Amino acid sequence: MYLRHLGYACKNVTLRLNTGQTFRLSSLTPERAATTVAANLDALEAMLRWNAAHDIRFLRISSDIVPFASHPASSFDWEEAFTDRLAEIRAYADAEGIRLSMHPGQFTVLASPRPEVVEAALADLAWQARFVHALDPDEGTLTLHVGGAYGDKPSALERFAQNFRRLTPLAQRMLILENDDKVYHADDVLPLCERLGVPMVFDFFHHRLHHLEGRREVGLLDLRERVVATWGERVPKFHLSSARDGGPRTAHGDFVLEEDLTAALDLMAQVGGDRPFDLMLEAKQKDCAVLPLRHFQRQGLREGAW
DNA sequence: GCGAGTCAAGGTAGG
DNA sequence: CCTACCTTGACTCGC
């Protein structure tokens, strides 16, 4: 496989722009929501233009782009209010070949034993699936973690599978599952993905944390063919970070070390033949972490060129 | 403008 | 039981 796009998440440090400006629940009114979403969409468009100019064609949109979108107290209809604006941005992203994704936060938990938590997660995933789909119907994704273990991982996995079937058809289609840093290792997530027919987004950094701490012996070497297979004909997506110097072991660094990127590229070069994959860099410095690594992208590469 | 206090939400680890 | 941490820190108030 070869690296097609490098991406970053939610914010642009250079432009000081954020696709997820929000406000307190106590400030929620339809007017405030409309103003904030309009500003977030403007920020998104400016980031897309900057990205295209810098050959960055992969971006995660903040799940706060529509604050309180699925909250019971919100009556603001973003789809109706911004139909034309969304179509405009979609056309631009499409013309520039930019892939988009969203990643609900820690509170969206489909495996929870608490019904109210699951209901909220279903509502959250429903609107976010519609949002990504409106902007990138071809390659958009919705990244999710499995959730907690609650002292009984098999039961939690079973609950996840049952609740997955309750998602809207669109959310089921957009969803992809990521291995996390402490509970659901790649060899927990992969069988679940295979069972549900959901692509797996493999996070190199999370995977390595499990290895360094001796919780698992299974390496990516043993899993990579199966991880890629979960994507079918779609372009697989991976996550990569470097550790933060001196920070908590799970903290993301400001940048991504070139050696961490080349290690990931080497691992994937031997899989999947002449096939592209995309890589989301999770680094505090966002776009500034991507810029120095762009030359590793092989845009529009055809076989034999690498 | 700025520092302090607070924020919708879940879950885990360590004390 | 409680606090700290993860994550996208950053909004809001009172000075």
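Letters go in sequence order (proteins before strands), and every chain restarts at 1. In this text the structure is predicted, and so the values were computed from the model without any measurement.
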Original post:
Touch check for A:S27, heavy atoms < 4.0 angstrom, all strands: base, sugar-phosphate only, or nothing?
Top reply: sugar-phosphate
Subject >> Given DNA chain C, 5'-ward residue of the pair A:A9 and A:L25, judged by closest heavy atom >> reply: A:A9
Original post:
Any ion pair linking A:E119 and A:R166 (charged N to carboxylate O, less than 4.0 Å)?
Top reply: yes
Original post:
Is any side-chain nitrogen or oxygen of A:R32 closer than 4.0 Å to OP1 or OP2 of C:dT12?
Top reply: yes
**OP:** Report yes or no: do A:D260 and A:S242 form a side-chain donor-acceptor pair below 3.5 Å?
**Re:** yes
Original post:
Any idea how A:F82 and A:F76 line up, ring-wise: parallel (<30°), tilted (30 to 60°), or perpendicular (>60°)?
Top reply: perpendicular
Subject >> Per A:S62 side chain, nearest of listed nucleotides C:dT8, B:dT12, B:dG10 >> reply: C:dT8
Original post:
A:F68 side chain: which of C:dT12, B:dG10, B:dA8 is closest?
Top reply: B:dA8
**OP:** Tell me what A:T108 touches on the nucleic acid: a base, only sugar-phosphate, or nothing, going by heavy atoms under 4.0 Å.
**Re:** nothing
Original post:
Rounding to a whole Å, what distance do you find between A:Y184:OH and B:dG11:C1'?
Top reply: 11 Å
Original post:
A:D203 CG to C:dC6 P: how many Å, rounded?
Top reply: 15 Å
Original post:
Which nucleotide in the list C:dA10, C:dT8, B:dG10 gets nearest to the side chain of A:N18?
Top reply: C:dA10
Subject >> Nearest-angstrom distance from the residue atom CD of A:E178 to C1' of C:dC6 >> reply: 13 Å
Subject >> Check ion pair A:K182-A:D180 (N to O, under 4.0 angstrom) >> reply: no
Subject >> Residues from residues 278-287 of chain A lying under 4.0 Å of DNA chain C - heavy atoms >> reply: A:K284, A:K286
Subject >> Options C:dT8, B:dG11, B:dT12, nucleotide nearest the side-chain atoms of A:V117 >> reply: B:dG11
**OP:** May I ask you to say what A:A73 touches in the nucleic acid, namely base, sugar-phosphate or nothing, with a heavy-atom cut-off under 4.0 Å?
**Re:** nothing
Original post:
Among C:dT12, C:dG9, B:dG10, which is the nearest nucleotide to the side chain of A:F23?
Top reply: C:dT12
Original post:
Considering heavy-atom distances to DNA chain C, does A:R60 or A:R24 have its closest nucleotide positioned more toward the 5' end?
Top reply: A:R60
Original post:
If the P atom of B:dG11 is compared with that of C:dA10, how far apart are they to the nearest Å?
Top reply: 25 Å
Subject >> Is_stacked (A:F107, B:dG10) at 5.5 Å, 30 deg >> reply: no
**OP:** Give a yes-or-no answer on whether the side chains of A:Q297 and A:H5 include a donor-acceptor pair shorter than 3.5 Å.
**Re:** no
**OP:** May I ask you to check if A:R114 and A:Y150 form a cation-pi contact, with NZ or CZ under 6.0 angstrom from the six-membered ring centre and within 45° of the axis?
**Re:** no
Subject >> Separation of atom CG in A:N179 from atom C1' in C:dC6, rounded to whole Å >> reply: 16 Å
Subject >> Cationic tip of A:R60 above A:Y8 ring, under 6.0 Å, 45° of axis >> reply: no
Original post:
To the side chain of A:S112, which of B:dG10, C:dT8, B:dA8 is closest?
Top reply: B:dG10
Original post:
Does NZ or CZ of A:K153 lie under 6.0 Å from the centre of the six-membered ring of A:Y184, at an angle within 45° of the ring axis?
Top reply: yes
Original post:
Using atom P of each nucleotide, how far apart are C:dA4 and B:dG5 to the nearest Å?
Top reply: 14 Å
Original post:
A:R114 CZ to B:dG11 C1': how many Å, rounded?
Top reply: 10 Å
Original post:
A:H103 and A:Q128: side-chain donor and acceptor closer than 3.5 Å?
Top reply: no
Original post:
Taking only residues two or more places apart in sequence or in another chain, which ones pass side-chain hydrogen bond (donor to acceptor under 3.5 Å, both in side chains) with A:K286?
Top reply: none
**OP:** Considering only NZ, NE, NH1 and NH2 on the basic side and carboxylate oxygens on the acidic side, decide whether A:D278 and A:R99 come within less than 4.0 Å.
**Re:** yes
Original post:
B:dG10 C1' sits how many Å from A:L144 CG, rounded?
Top reply: 12 Å
Original post:
A:H71 has an atom NE2; how far is it from atom P of B:dA9, in whole Å?
Top reply: 8 Å
**OP:** Please determine if a side-chain N or O atom of A:S26 lies less than 4.0 Å away from the OP1 or OP2 oxygen of C:dT12.
**Re:** no
Subject >> Where DNA chain C forms stems, i.e. three or more consecutive Watson-Crick or G-U pairs with both distances under 3.5 Å >> reply: B:1-7 with C:9-15, B:10-15 with C:1-6
**OP:** Would you tell me if any nitrogen or oxygen in the side chain of A:K182 comes within less than 4.0 Å of OP1 or OP2 on B:dG11?
**Re:** no
Subject >> Distance between P atoms of B:dT6 and C:dT3 (Å, rounded) >> reply: 13 Å
Original post:
Nearest-Å distance, CG (A:N12) to P (C:dT8)?
Top reply: 16 Å
